[in-house]
Amino acid sequence: MTIYDCSTCGQKCHSRSGLSRHKNNKHPQFPTPIESAQHKCIYHPFLDARPCDIDGKFLNTPASQIPPVEPETSMSENPFEPFQDCLAFDWAYYHYVRLQSSKSDILEGLDLWHATVIKHDSSHLTGDEVLWRNADSLYQTIDAIQVGDTPWKCYKFSYTGPKPPTPPHWMEETYELNTRDALLILEQQLATSDFSPHITYVPYQEFDASGNRIVSDLMSGDWPFRQADIISRDHANHGAMFVPIVAGSDKTTVSVATGHQEYHPVYISPGDISNTAHRGHGNGVLPVAFLPIPKTSKWQRKRPEFQRFCHQLYHQCLALVFEPLKPYMETYKVVKCPDGHFRCAIFGLGPYIADYPEQVWLGGIVSNWCPKCDAMPDDLDKPGSHHRSHEKTDLLIKTFDPGILWDEFGIRNDIVPFTHGFLHADIHELLSPDLLHQLIKGTFKDHLVTWVNDYLYYVHGEKVALEIIEDIDHRISAVPPYPGLRRFPDGRDYNQWTGDDSKALMKVYLVAIAGYLPSAMVQCIATFMDACYIARRNAITSPALEHFRTCVEKFHALCNIFIEARVRATISLPHQHALHHYFHSIKLFGLPNGLCSSITESKHIKAVKEPWRRSSQYHALSQMLQTLVRMDKMAALRQELAKRGLLAGTTSSFIERMKVNEGQGEGDKDELCKPRENDADDDDDDIGPAEGNPLGTLSDVKLASKCEPGYPHNLHQLADFICQRSFPLCLCRFLFIQNHPDKEVPDNMDALPVFEGEIKVYHSALTIYYALSDLCGAGGLQREHIRSMPSFFGHERRDTIFVVLDESKKGMEGMEIGRVLLFFSFHYRRKTFSCALINWFIHDDECDSDTGMWMVQLEHDGRGRPTVEVIDIDAIARGAHLLPIYGSS
């Protein structure tokens, strides 16, 4: 029998579950996430965001003791104004916002409504039973909403430089900038009550129990703290709150078939809200402008005059977009915050989200140069480069000719970045890391995956290379399914890629290429993935950040294998070079997952593409802007109604409740008026973000809410039913460990406790755990269903899990893998136990040297049968996805 020793006190345990329970019970000093969460936060001492009144006079009472300021409303006021009642609002919201119905669909819906009224009350019709005659009357009602109104304004520009006798069309064209008040949008975003649990008012520095710095959201970075230091030099600003402005812009094409229609939206967001709120689909990020896009022929596009005009127009428009914020970058503006209190806000231009082509325009540099440092484009990763800044650029422009600036420094002397006119703003510093285009789609998908195929062609020739690539695709398609993992039924060989596709391919790509590439090449890709997963975390400690920098340096060194293999002549590429700046940028701005271009790209759907589809698609921009205003108004009114509790339950339950209150109803309506509730166990999604506070343990695991019928409740009958004859012995051993955790478990069944109680069987368990690099909720939590059932979509499903044996050890060193054969619960000595019957997998002492992954295999006893054990579900951390080790055959 195997003996398991406690690494702290030497206690000998006779099962892995016994060791896990001994650790939890005897050594509470072992670090758990909640203990790590009891860290130290240093908040800025002067910009401490004290509540004030509407005139900016600070209140002496702490914010927690001040009741929120609510708008005054009379009891007779219709809260659904300008809609007649709840039914009218819900009907409009359902058709205009949720279904995005066309005019004809709305008219058809109104006609059906009118037909229902005629059928049930034809003798008392007045003509007002249906609230709108047509879609236009519905639109007029939406336009009459007073909250959330941010109208658009159009500015016109034209070329004013020297013109030839016959000027090209672009010189005569008038260009339009459509923008709305950036200050008004930020005020509305800051007043959104939904952001109350997701906002940080004061810049802070966070440290764990060991004194290691932790960075997470933007306000935990060095840059907001440093800006607060600068602002607080003026004593009049003490007590104010700093609001960094996160902006982003990105071109998007809505239709190639109808003339390659492009739009260039600019988005804005207050940096005080969390990364989760930035990534959400609410109003955390909103479009503030649509930039003009000058177009001309291919020949004209190459002319310096056209290129200069486009760049200057671009920066002048951006300066105009953020112009309303200038007065409040030195003196405060009283704004209402999500908690209902007023505060004195001082704004400042913060991180700017953009992909590399957009960064070139923003920085006023030459393409293929780095927008953040002066490294030469033919050797971007060479040590010794220096950070760019406005001051350095101004000095170089005064010193050197335009040709030298272009060739030696990558600077365009005819462009002044828009940040030049704003206080404490330097675009070279403010450009944020871009996980999507620099790491996931850029370095991984476009570079490494392509280079691997190029290597196979170069070494093996076309015929053999195609066979190998086909086998790699076959391996990728044969990966076992896992909740949240996108499948590749045809491998990786398809045209239209998304960021989620690349993320999914990352998880399975290493095992697919192992054995076909040199060790150094596999290690290169594995090292990059290590760095990528650290950068994608929801919180990064200073040791992890140092490890990230080590991985980046190792990755760039290992990349030379592609040059040695003659796949590449150089690896001096802007996307890969950008990784060198991540270490500094993460310390400045917090985690890149809240400042990634995937946020702006996802916003394109709601802000550009859906409004364009709802337009006539002829001179569509004005129609799109009108749609955006109406959507914002409906969202703002819905938020106000939800705050008053007027959206609880269904529309019919609300109307019935109103009838009861008016004395027109009869009977008990409580059941009808209850809000709809969602049972998490019945959720079809096996994995997803979870909301909640930090956990007190590594994870929280609960069995499904309902047990499964059809299973015997007797222990021995259940063992026969599931074909696990050793189940009774395993359960009795488990009970012995509960009663005698320090004693050796006897081999004799007669010496073990006797169990004659009732057993309930479950098909799933829900675990909520800390997610490091995956999409998670505000507290860094993710939920996941672990299933063990005889039939799931026609196939048996027995999920594998991480079982924690020693929380004092990192990663797999303190865990083993188990395969769940059965979830069950029972009562024993007045205590309820929730357990799992599992097979054990064992792993080697070290992970694979090439892939960095742990290799596990099913454990067998002396008779060659898989080992079986009963464990408490509290020892489960989360599900585990096992990938095959593919052979050469």
### Task
Step by step, work out the side-chain contact (heavy atoms from CB on, under 4.5 Å) result for Val511 and Thr851.
CA-CA 8 Å; Val511 297; Thr851 63; 6.0 Å; no
For [X] and [Y], work out which heavy atoms get closest and say how close.
X	Y	value
Arg279	Gly594	NH1-N, 4.4 Å
Ala354	Gln359	O-NE2, 3.2 Å
Phe589	Pro351	CD2-CG, 3.5 Å
Asp381	Ile571	OD2-O, 4.0 Å
Leu435	Ala535	CD2-CB, 4.0 Å
Ala877	Met815	CB-SD, 4.5 Å

### Query
Are the aromatic rings of Trp361 and Phe418 close, with centres under 6.0 Å apart?
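Not close enough - the centres of the two rings lie 6.0 Å or further apart.
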### Query
Hey, do the aromatic rings of His577 and His556 have their centres closer than 6.0 Å?
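So the answer is no for these two rings.
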For [Y], is there any backbone N or O sitting under 3.5 Å from a side-chain donor or acceptor partner on [X]?
X	Y	value
Tyr352	Leu362	no
Arg388	Cys370	yes
Ser585	Pro433	no
Thr800	Ala880	yes

[X] side chain to [Y] side chain, donor-acceptor N/O pair below 3.5 angstrom:
X	Y	answer
Gln438	Tyr582	yes
Thr419	His390	yes
His278	Ser269	yes
His575	Asp446	no
Asn283	Thr192	yes

Flag side-chain contact, heavy atom, 4.5 Å: [X] against [Y]:
X	Y	result
Lys372	His428	no
Ile440	Lys445	no
Ser249	Glu358	yes
Ile230	Gln227	yes
Cys596	Asp434	yes
Leu883	Leu510	no
Cys847	Met853	no
Ile801	Thr767	no

### Task
Begin with the C-alpha distance, continue with both residues' side-chain angles, and end with the deciding distance and a verdict on side-chain contact (heavy atoms from CB on, under 4.5 Å) for Trp223 and Leu430.
CA-CA 9 Å; Trp223 180 84; Leu430 296 179; 3.9 Å; yes
Pairing residues for [X] by the ring-ring contact (aromatic ring centres under 6.0 Å, His included) criterion, not counting sequence neighbours:
X	result
Tyr204	Tyr43
His584	His387
Tyr201	none
Tyr356	none

Any chance you could measure [X], atom [atom1], to [Y], atom [atom2], to the nearest 0.5 Å?
X	Y	atom1	atom2	value
His581	Cys373	NE2	SG	3.5 Å
Ser572	Leu380	OG	CG	3.5 Å
Arg537	Leu545	CZ	CG	10.5 Å
Asp272	Met241	CG	CE	4.0 Å
Leu588	Leu595	CG	CG	11.0 Å
Gln189	Asp194	CD	CG	12.5 Å

Please identify each residue that fulfils side chain to side chain contact (heavy atoms under 4.5 Å, CB included) with [X], with sequence neighbours left out.
X	result
Asp217	Ser274, Asn275
Pro611	Met624, Thr627, Leu628
Ala191	Lys336

### Query
Checking salt bridge (charged side-chain N to carboxylate O under 4.0 Å, His left out) for the pair Arg343/Glu187: CA distance, chi angles, key distance, verdict?
CA-CA 11 Å; Arg343 288 180 175 84; Glu187 287 185 284; over 6 Å; no
### salt bridge (Lys or Arg N to Asp or Glu O under 4.0 Å) contacts touching residues 548-559 (sequence neighbours left out)
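Listed once each, the pairs are Glu546-Arg549.
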Partners passing salt bridge (charged side-chain N to carboxylate O under 4.0 Å, His left out) against [X] (at least two apart in sequence or in another chain):
X	result
Asp848	none
Glu610	Lys606
Arg180	Asp632
Asp222	Arg213

Do the ring planes of [X] and [Y] sit parallel (below 30°), tilted (30 to 60°) or perpendicular (above 60°)?
X	Y	result
Trp451	His447	parallel
Phe422	Phe322	perpendicular
His604	Tyr267	tilted

### Query
What residue among Val254, Asp250, Leu291, Thr253 forms side chain to side chain contact (heavy atoms under 4.5 Å, CB included) with Tyr263?
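Among Val254, Asp250, Leu291, Thr253, the one that satisfies the side chain to side chain contact (heavy atoms under 4.5 Å, CB included) with Tyr263 is Val254.
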### Task
Determine, stepwise, if the pair Leu349 / Leu423 fulfils side-chain contact (heavy atoms from CB on, under 4.5 Å).
CA-CA 8 Å; Leu349 290 185; Leu423 200 64; over 6 Å; no
